[in-house]
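Okay, structure first, notes after.
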Amino acid sequence: MNDNVDLIFFGALGDLAARKLFPALYHLQSCELLPKSVRIVALARDELDSGQFVALLKEKVRRYINPQNWSDACWEAFAERFDYLRLDFTDLESYRHMAERLSASRTSIFYMATPPSLFGPICRNLGQTNCLNGDCRIVLEKPIGHDLQSSHDVNDVVAEYFTEENIYRIDHYLGKETVQNLLVLRFANRFINTQWDQSCIDHVQITVAETVGIEGRWSYYDTVGQLRDMVQNHVMQLLCLVAMEPPNAMTAEAIRDEKVKILRALRTIDASNVTEHAVRGQYAAGWQKGEAVPGYMQEDGCENADSDTETFVAIKAHIDNWRWAGVPFYIRTGKRMPEKLTEIVIAYKSLPHNIFTAGGNITNRLVIRLQPNEGISMQMVSKLQSLKEKMGLVKQDLNLDFLGSSTMTRIPDAYERLILDVIHGDQSLFVGREEIEESWRWCDSLIRAWQVQHLEVKDYHAGSWGPAKADLLIEKDGRSWNG
Ligand code: BG6
């Protein structure tokens with residue numbers, strides 16, 4: 001493994017870098033996982049020298065690190081890796097200047113923590129100024145495009161300069177510990193996989209709920225909405241990991257092949273079926289944890305008082321293949337929900353014949369909690385301990401608590417895993433081009449259907465679980481959202 005790596009960050013003074021990327025690197029430094037030979041080149045427009053940059057960065061990064069995990073000595077050692085370069089993204093001279101600092105004996109990893117509109121121009125400029133050699137890698141943050149055509153265009157430009165094996169498309173959900181554990185749960189536990197299909201499973205629920213609202217990014221978010229921001233990428237990845245066939249190896253290629261098959265098997269939602277399959281909502285003012293919070297239209301930066309952008313989506317999806325025929329996947333994701341919760345529920349079918357007539361027909365549920373309280377619990381049916389009732393039944397949980405059962409004191413952030421994997425050249429937790437494009441194909445059809453049918457957003461109060469229609473979506477099938 002070649003750890004002689006230069007991590008080169010475009011957008012080094014941006015929000016993502018301060019909130020996620022540099023704190024992740026700091027944590028890797030602190031647990032001695034960042035190879036000594038890794039250098040960090042930070043690029044931004046500001047006129048600073050390396051010392052000034054590091055001082056500024058320290059101030060920003062510290063806000064995102066738990067004081068318990070902060071050490072000045074660790075920061076000092078970390079800061080030594082930095083080299084700051086002023087770079088105007090459009091100015092070829094700045095790139096030439098950067099090229100002088102790069103060495104062919106080291107691997108350059110270009111990390112695009114920039115708006116996606118810059119991916120193409122930056123690649124072209126890198127190409128024209130001798131910054132690239134065969135071993136270079138590029139890391140792309142979402143969103144890659146805002147529909148199939150634009151993602152195709154971005155992927156095409158990047159492919160002119162980097163081969164697919166050197167392109168690392170980040171979906172940070174894949175770096176979350178519990179998402180990786182989903183692969184282990186499914187493919188390292190034999191009994192789970194034998195029950196993982198339409199013969200045993202009634203339906204699947206995926207909930208990705210956030211308490212936050214739009215938080216200062218109104219003008220960006222308003223052009224995107226929850227479907228593009230969360231479903232096209234994070235939710236689709238979760239759905240693929242739940243639904244895919246076992247890959248034959250833990251390689252990027254094998255995993256991607258299986259995920260793509262699921263995306264292709266997703267039943268299209270179009271104008272003919274959209275009203276029964278999807279609900280869109282927008283939060284109005286409400287209450288969260290006893291505090292009044294504004295509605296989407298009252299958020300700072302609101303520029304369009306008639307905005308029809310959705311901040312909540314609920315979808316009933318179907319995967320048309322042998323394993324999942326007749327098993328609906330209910331998805332809901334939204335901002336300003338009552339709690340932060342990312343959870344997958346596998347709801348098993350009821351018994352074909354119930355001999356415990358006193359206890360009712362309780363079904364099993366496997367609940368995979370991605371955040372918070374990362375863990376897995378299996379709702380089992382067990383005997384009610386009682387002399388009075390002879391065979392009463394009660395629901396009990398078999399619990400796997402990831403943090404409690406490990407020696408770790410904190411669950412690492414997704415970016416720690418992903419940055420480490422880019423350094424080590426392991427693409428298994430990154431997204432392939434075909435996946436992105438298939439996912440856009442499906443989302444585009446849904447978005448078009450909303451437009452054709454003029455399906456406007458339904459209001460929901462901040463602090464609630466979305467519009468009443470989202471409950472109806474599942475309840476009309478005789479089911480309910482978990483909890
Ligand atoms: C990002 C979205 O990709 O994921 C944000 O753009 C969202 O809108 C965030 O808030 C959620 O990530 P996490 O890790 O907090 O669940």
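Atoms within each ligand, like the ligands themselves, are counted from 1 in listed order.
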Applying side chain to side chain contact (heavy atoms under 4.5 Å, CB included), name anything that partners Asp426, two or more places apart in sequence or on another chain. Asp421, Ser428
Salt bridge or not for Arg479 and Glu475, using N-O below 4.0 Å? no
Every residue of the protein that comes under 4.0 Å of ligand 1, judged on heavy atoms: Lys142, His172, Tyr173, Lys176, Glu210, Arg217, Asp229, Met230, His234, Lys335, Lys340, Gln371
Under 4.0 Å between a Lys/Arg side-chain N and an Asp/Glu carboxylate O for Lys261 and Glu438? no
If the threshold is 4.0 Å, N to carboxylate O, is there a salt bridge linking Lys20 and Asp15? no
Using 4.0 Å as the upper bound for N to carboxylate O, is an ion pair formed by Asp147 and Arg441? no
Is a salt bridge present between Arg45 and Asp88, judged by a nitrogen-to-oxygen distance below 4.0 Å? yes
